[in-house]
Amino acid sequence: MNQSPIVVLDFGSQYTQLIARRIREMHVYSVIVPCTIKFEDLAEMNPQAVILSGGPASVYDPASPVADERVLKMNVPVLGICYGLQWMSYKLGGRVEPAERREYGFARLEFEEPTELLAGLESPLRVWNSHGDHVAAAPEGFRVTARTENAISVIENFAAKMYAVEFHPEVRHTVEGARILRNFVEKICGAKPNWYPRSFIEETVERIRTQVAGERALCALSGGVDSSVAATLVSRAVSDRLICVFVNNGLLRKGEFEKVTAALREQARLNVRAVDHSARFLKRLAGVADPERKRKIIGEEFIRVFEEEAKALGEIPFLVQGTLYPDVIESVSVKGPAATIKSHHNVGGLPKDLKFKLIEPLRELFKDEVREVGRELGLSEEMVSRQPFPGPGLAVRILGEVTEERLRLLREADAIVVGEVRAAGLYRELWQSFAVLLPVSSVGVMGDARTYASTIAVRAVTSEDGMTADWAKLPPAVLERIATRIVNEVNGVNRVVFDITSKPPGTIEWE
Ligand code: XMP
């Protein structure tokens, strides 16, 4: 993007990505770089403002992440958040006191005029805190404009355009957090909105057209949003010279292979080679109950199938992948807790030594931006708002062995869960909603007969990025319809339970 970004310097907070997302929601371009970036490289990006993220460390910890102090003297507005506030205060001569214990959770923010950062808001505000150290005295030139019961919470230096907050305005728990960031981005920085899907599409299509220049490109479709949008973008540039391979691994949901193939051909006008290799996958999974073994087998088999398909198509120099910005950041960022919370399983990924030149048109985008781009490209709402579905598919939602019969049970039950969630208008609010088949049989009674049959667990979660998640409080009437329909309609299931575990400590998937 040839506009100056608002650069977020990452000190390792699990919330860093949210900062950039909130700014982009204002249609202003924002990028994340590790705090250890060379100053010259940062300066070359010509940032219109710098935001210092939170982080897990204390400024007194010798191993704490450090940035080049010259970032505080670039003559652009600066906003420090949490550790960013402490680091900035410490470097500018304020006093930071080590914490006896971390302050975590809600706090009441009381503030007073004049304030630029909190302008237009009313004191007190409910804010979300997660910090260890706190600032005991602001650096020279700064005013304290807000406090919580325990600590100095907001400091501002209007003349130097430097601001910092102890709490996290980027998380939804902070009431008015978005307004606070908006004050910084729009009023203080004067940033102009110019980050829109349409301009992104135009630039990307142009770039890919030049890059591919008359050659052919290959794309492995999964049916998910990312690969569908990536392929559609590339096909806008190279038309039928993009060949999309969609493999049925036998672990897709009810009707998914047919429906997705049709949608991608008709709506997205993609050149799709849909190949059914279910039998191969199921044969290799026979007798396997261990989740990691399942994942490994599916991953390996996928690579084999894809290599065979690619070979049959002759020499193709380019490969399209739906890599998103979070994956790109994760591979370069400082190792904060964010790095360890997420166990990133990328089954279905291709080996690095395949001799393709990569096209990754979504490398700069967050998931919600991918959806917006998809809409702008004319993909249907059903396509772009699909919930994530894991690469190993239903195999990791069948606890124990994967068999045709167990796949049938799960497919039927899952279609009911998703159907009822959609009918209740809840599908888009949920990060994921699905059924899990448990390796548990229990006794029931149907009509006058005793039954002894399988159990389905219903899983529904809300989340912003899949790294943490809350169990969704589905209305009892919806749960009741789901349970009644599954037991009545899915022959072989006589009990339905609802999973009320959040992540952490649970994971979203059961395997
Ligand atoms: P967990 O279960 O770890 O899942 O809380 C977090 C997110 O990742 C998805 N997931 C997977 N995606 N291959 C994938 O491509 C996998 O093996 C896999 N396991 C989990 C999960 O659906 C959720 O969105």
Side-chain angles (χ1 to χ4, degrees), residues 5-23 30-37 39 42 47-61 64-74 76-99 102-103 107 109 116-118 127-139 141-142 144-146 148 151-157 160-171 174 177 180-181 183-185 188-189 329 333-338:
I6 293 189
V7 175
V8 179
L9 234 49
D10 180 20
F11 286 94
S13 161
Q14 61 170 307
Y15 302 132
T16 301
Q17 292 189 21
L18 291 180
I19 305 173
R21 279 177 62 180
R22 296 291 169 262
I23 295 169
S30 175
V31 294
I32 298 171
V33 298
C35 61
T36 48
I37 186 174
F39 179 72
L42 176 67
Q48 58 174 318
V50 173
I51 298 186
L52 313 170
S53 87
S58 158
V59 288
Y60 294 109
D61 179 349
S64 67
V66 284
D68 192 310
E69 285 173 41
R70 286 174 289 177
V71 304
L72 299 173
K73 302 196 179 88
M74 291 178 81
V76 295
V78 177
L79 173 66
I81 294 177
C82 194
Y83 178 85
L85 159 86
Q86 291 141 22
W87 184 79
M88 187 166 137
S89 303
Y90 182 66
K91 290 294 168 191
L92 295 174
R95 191 153 52 82
V96 177
E97 282 182 352
R102 269 188 99 75
E103 185 183 352
L109 185 76
E116 291 183 349
L117 208 51
L118 306 167
V127 297
W128 182 257
N129 266 321
S130 171
H131 63 98
D133 298 352
H134 63 263
V135 172
F142 282 77
V144 175
T145 55
T148 58
I152 289 178
S153 194
V154 181
I155 59 172
E156 307 185 43
N157 182 337
K161 285 197 180 283
M162 296 181 104
Y163 307 79
V165 298
E166 182 66 269
F167 57 91
H168 288 277
E170 69 278 23
V171 305
T174 293
I180 296 169
L181 290 174
N183 277 345
F184 180 73
V185 171
I188 294 169
C189 305
I329 306 166
S333 245
V334 286
K335 292 278 174 259

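Keep in mind the model is a prediction, meaning the values are calculated, not measured. Any value given below was found using the heavy atoms of this structure, including those in side chains, with hydrogens, waters and symmetry copies removed.
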So which heavy atom on [X] is nearest to which on [Y], and how close?
| X | Y | value |
| --- | --- | --- |
| Ala49 | Cys189 | CB-SG, 3.6 Å |
| Ala151 | His134 | CB-CB, 3.8 Å |
| Leu85 | Glu166 | CD2-OE2, 3.6 Å |
| Leu42 | Pro47 | O-CD, 3.4 Å |
| Ala57 | Pro65 | CB-CD, 3.6 Å |
| Val144 | Ala138 | CG2-CB, 4.2 Å |

Distance (rounded to the nearest 0.5 Å) between [X] [atom1] and [Y] [atom2]:
| X | Y | atom1 | atom2 | value |
| --- | --- | --- | --- | --- |
| Asn129 | Cys82 | CG | SG | 7.5 Å |
| Met162 | Ser89 | CE | OG | 10.0 Å |
| Phe39 | Lys73 | CZ | NZ | 9.5 Å |
| Glu116 | Asn183 | CD | CG | 9.0 Å |

query = Angle class for the His168/Tyr15 ring planes (parallel below 30°, perpendicular above 60°, tilted otherwise)?
reply = perpendicular
Indicate yes or no: at least one non-hydrogen side-chain atom of [X] is less than 4.5 angstrom from one of [Y].
| X | Y | value |
| --- | --- | --- |
| Ser64 | Tyr83 | yes |
| Leu117 | Thr145 | no |
| Ile51 | Ile23 | yes |
| Val78 | Phe184 | no |
| Val96 | Trp87 | no |
| Val185 | Ile6 | yes |
| Thr16 | Phe11 | no |
| Ser30 | Val7 | no |

ask   = Would you find a donor on one side and an acceptor on the other, under 3.5 Å apart, between the side chain of Gln86 and the backbone of Asp133?
value =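 Yes; judged by distance alone, with no hydrogens or angles, the pair exists.
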query = For Trp128, does its backbone N or O pair with a side-chain atom of Thr174 as donor and acceptor, under 3.5 Å?
reply =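 Pair found, side chain donor or acceptor close to backbone of Trp128.
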message = Holding to salt bridge (charged side-chain N to carboxylate O under 4.0 Å, His left out), I want the full list of residues that pass it with Arg70, two or more places apart in sequence or in another chain.
response = Glu40, Asp68
message = If the condition is salt bridge (charged side-chain N to carboxylate O under 4.0 Å, His left out), which residues does Lys91 pass it with, not counting sequence neighbours?
response =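 With sequence neighbours excluded, Lys91 shows a salt bridge (charged side-chain N to carboxylate O under 4.0 Å, His left out) to Glu69, given in chain and number order.
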inquiry  = Can you list everything that forms a side chain to side chain contact (heavy atoms under 4.5 Å, CB included) with Ala137? Sequence neighbours excluded, please.
reply    = Arg95
note = Only one of Asp10, Ile81, Ile19, Leu9 passes side chain to side chain contact (heavy atoms under 4.5 Å, CB included) with Leu52, and that residue is Leu9
Steps toward ring-ring contact (aromatic ring centres under 6.0 Å, His included) verdict (Tyr163, Phe142) = CA-CA 8 Å; Tyr163 307 79; Phe142 282 77; 8.3 Å; no
request  = Check whether the side chains of Gln17 and Glu170 place a donor and an acceptor atom closer than 3.5 Å, and report yes or no.
outcome  = no
query = Can you check side-chain contact (heavy atoms from CB on, under 4.5 Å) on Val50 and Val76, steps first, answer last?
reply = CA-CA 7 Å; Val50 173; Val76 295; 4.1 Å; yes
